[in-house]
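Scroll down for the structure; my scribbles are underneath it.
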Amino acid sequence: MVTEEKKKELLAKLRNAVIQYDEDTSKEASQEALDVGMEANDAIFNGLVSGMVEVGKMFEAQEYFVPELLMCADALYAGLDILKPHVKQLDLGVKGSVVIGTVEGDVHDIGKNIVKMMFDVAGFTVYDLGRDVPLDKFVAEQLRTDSDLVCLSAMMTTTMTGMKKVIDDLRAKNPNVKIMIGGAPVSQDVADKYGADGYAKDATNALKDAINMIESLKKMKDEVEAKKKG
Amino acid sequence: MTSMNARERVLKMFAGEEVDRPPCFSGFGNVTTEGLRSLNQNFATTHLDAKMMAAAAASTYKLFGFECGVAPFDLCIEAEAMGCEINVYAHSEDLLYPTIKKKLIHNEAELDIVIPTGLTGRGRVPMMVDVIKQLKKDIGNDAAIGSFVLGPFTLAGQIMELNDLLKLSFKKPDKIGKLLDQMSDVIIQVAQEYEKAGVDYISVREMGATSDVLSPRVFKSLILPYLKKIFEKISVPSVLHICGKTNDIVPAMAESGARAVSVDQKNDVAETRKKLGPKALIFGNYDPYNVLVAGTPDLVRQTIKKCMDDGVSAVWPGCDIWPTVPPDNMKAMMDEVKKYRR
């Protein structure tokens, strides 16, 4: 049984590894957490994700910029790859599968990848179509996988307009699917006009939105735990 | 003041001479669907044909009195000349700008590249020379003729994964510095070719270096030296464009040696004007999509007036003008600029 002190130490190590974009320490601490018998979920959410939340704040305060964010994400994945196979699946009441990609004409995928990371962390099944994705492929993939959520990303104004087509098409074929759009040119106004359910304005907001989502998942998880105990 | 035509106004402004009002022009793509329709041309094929591109580039001046003709429209010319394949989306009915299909560098080990010789004879560079000459012949006495090249960092992002470029800028700045130096040489060659063809001004688009992405510190230490190298070698009036957050880096932008600094709607131009002083040329900074395309003519007028009140030297978009701009909005913009008196 792992002591509270050891647990605290490892969580801090995981958190700092992400903040200081230290992939090696992230791997080491993740392995150690498993070795001493810590819950993988605990290590992910209270270690790695907690570090990423801090990174999001630093990004917003302009202490960190996109290169740092990408390196922190690498550190998070380094740990996640080790911990994920050991996560005990909890019934969260959400099915959790998502189709994600950058629309045709747009070859930018950094924002998309950051959002994807948060879905990976949350244990969603992610169908990543990549970038420069032909519009009809989003619809085909959603139908093929019966995913709950479709995320469309566009970094440029010049490709944003393609998202409306995908949304219209998705709604026509599957009225229940949730659609989230994101990218630098996207605004609440655009999301409303295009008929999307949600939007993430840029990397910061994508991260914030994704974190909000994870936090609500955590809450759900805690409730499930509480019920179990109760 | 004697009356001046659009080209004279732009050139005088660049020369620091007095003009009757700020010019209303751009350094980036400004072809409209209205223009394409008047020529009965399709967007995808326009990128590959000199005659079509020249005609399209002249159409915004001809239809709306927008005070320039600019080519190319896409951001792939230099990367293509270096050997990247492009995609023009010939199959698509949508308006899509060409993108790079295949990169040259796929990982850190491939960072050492050799720039092909005879660069200005490769890809669409010769076609661009032809476009500029035709454009000059068509409207060059009346409107200013411009062209653009990418900045070294943005060009590096075209030939390698942006993800890797950003991380390596941090982890291996020496290696990236060397690559940026090579990019500068490419950019200088292409820009000088455009000069020879007769452009009145050249914009350098360094979008990748915005403070939304990169810290001002990295911009100044890693990128600015190569921008300086480029601007030293451009002899026609030059413009440095960076989009997104730029308020912290405008002094560095002004230091680059560019004749003018171009910013988008995220910049507080009144503050930039204070920072750079009354003589600096500041271009900007209306939102070419949310205002010019999606806004009402009233919003266009208000926005354009605010740009001028804030102190822009030229009314100029924050990026390429999206082609579906409503003609009424183009008219509202031109009208607002023309009636403005300082």
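Numbers restart at 1 for each chain; the letters A, B, ... are given by sequence-line order, proteins then strands.
Heavy atoms of B:L214 lying under 4.5 Å from chain A belong to its backbone as well as its side chain. Of the two parts of B:T99, only the side chain, counted from C-beta on, holds a non-hydrogen atom closer than 4.5 Å to a non-hydrogen atom of chain A. Only the side chain of B:K103 comes within contact range of chain A, with at least one heavy atom under 4.5 Å from a heavy atom of that chain. For A:D74, the part lying under 4.5 angstrom from a heavy atom of chain B is the side chain only. Within the 4.5 angstrom heavy-atom criterion, no atom of B:D287 approaches chain A. Proximity to chain B (any heavy atom under 4.5 Å) is shown, for A:Y64, by neither the backbone nor the side chain. Only the side chain of B:N87 comes within less than 4.5 Å of a heavy atom of chain A; its backbone N, CA, C and O stay farther away.
Across all their heavy atoms, A:F65 and B:V213 have their closest contact at CB-O, 3.1 Å. Closest non-hydrogen pair, A:K193 versus B:A294, comes out as NZ-CB, 4.3 Å. Scanning both residues, B:L96 and A:E104, for their nearest heavy atoms gives CD2-O, 3.5 Å. For the pair A:G105 and B:Y89, the tightest heavy-atom approach, listed with the atom from each and the gap, is CA-OH, 3.3 Å.
One distance of note links CG of A:D132 with CD1 of B:I100; it measures 11.5 Å at 0.5 Å rounding. Between the CD atom in A:Q62 and the OG atom in B:S215 there is a gap of 10.0 Å [rounded to 0.5 Å].
Within a 6.0 Å radius of NZ in B:K306, other residues, nucleotides and ligands contribute 12 heavy atoms or fewer.
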- Message: Please evaluate residues B:L166 and A:I110 with respect to the criterion side chain to side chain contact (heavy atoms under 4.5 Å, CB included), reporting the C-alpha separation (whole Å), side-chain torsions for both, the decisive distance (0.1 Å), and the verdict.
- Response: CA-CA 10 Å; B:L166 289 168; A:I110 287 176; 3.4 Å; yes
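The shortest distance between side-chain heavy atoms of B:F170 and A:L70 does not fall below 4.5 Å.
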